[in-house]
Amino acid sequence: MNEYTVIDCRAAVINSEQTIKARSPEEAAMLAIGEPLARGGHHRHLVCRVYWHHEGQKNMVRLYAKAAA
């Protein structure tokens, strides 16, 4: 398990950051936000950014709300 920092981009709250141990950025976001998210989407549907370190490099992925079926 890795340690991920999830930053909720929807929140107007000053402390919208959580550090979570998970197997993937999507799992970390699911634990923090409580809804399934996708890596692709329109910038208006951005929900959070997830950061983690791997082999000395800082990585980030943007996760978006999934489109309604």
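This structure is a prediction, so every number in the text was calculated from the model and none was measured.
For the pairing with C48, the side-chain contact (heavy atoms from CB on, under 4.5 Å) check across T5, V61, L37 returns one residue only, L37.
Considering every non-hydrogen atom in both V47 and D8, the closest pair reads O-OD1, 3.2 Å. Closest heavy-atom contact between A28 and Y4: CB-CB, 3.7 Å. Across all their heavy atoms, V50 and A29 have their closest contact at CG2-CB, 4.3 Å. The nearest pair of heavy atoms linking L46 to L63 is CD1-O, 3.6 Å.
Pairs engaging residues 31-40 under the salt bridge (charged side-chain N to carboxylate O under 4.0 Å, His left out) rule: R10-E35, E26-R39 [sequence neighbours left out]. Annotation: salt bridge (charged side-chain N to carboxylate O under 4.0 Å, His left out) contacts involving residues 54-63, sequence neighbours excluded, are absent.
For R49, the side-chain hydrogen bond (donor to acceptor under 3.5 Å, both in side chains) partners two or more places apart in sequence, or in a different chain, are Y51. By the salt bridge (charged side-chain N to carboxylate O under 4.0 Å, His left out) test, E3 pairs with no residue at all, sequence neighbours left out. Contacts of R44 classified as salt bridge (charged side-chain N to carboxylate O under 4.0 Å, His left out), with partners at least two apart in sequence or in another chain: none. Residues satisfying the side-chain hydrogen bond (donor to acceptor under 3.5 Å, both in side chains) criterion with N59, sequence neighbours excluded, are absent altogether.
Note that CD1 of I20 and CG of N2 are 13.0 Å apart. Values are rounded to the nearest 0.5 Å. To the nearest 0.5 angstrom, C9 atom SG is 13.0 Å from H43 atom NE2.
In the hydrophobic clustering, M1 connects to no other residue, as no ILVMFWY side-chain heavy atoms lie under 4.5 Å from its own.
In this structure, H42 places its NE2 atom where more than 12 heavy-atom neighbours from other residues, nucleotides or ligands lie under 6.0 Å away.
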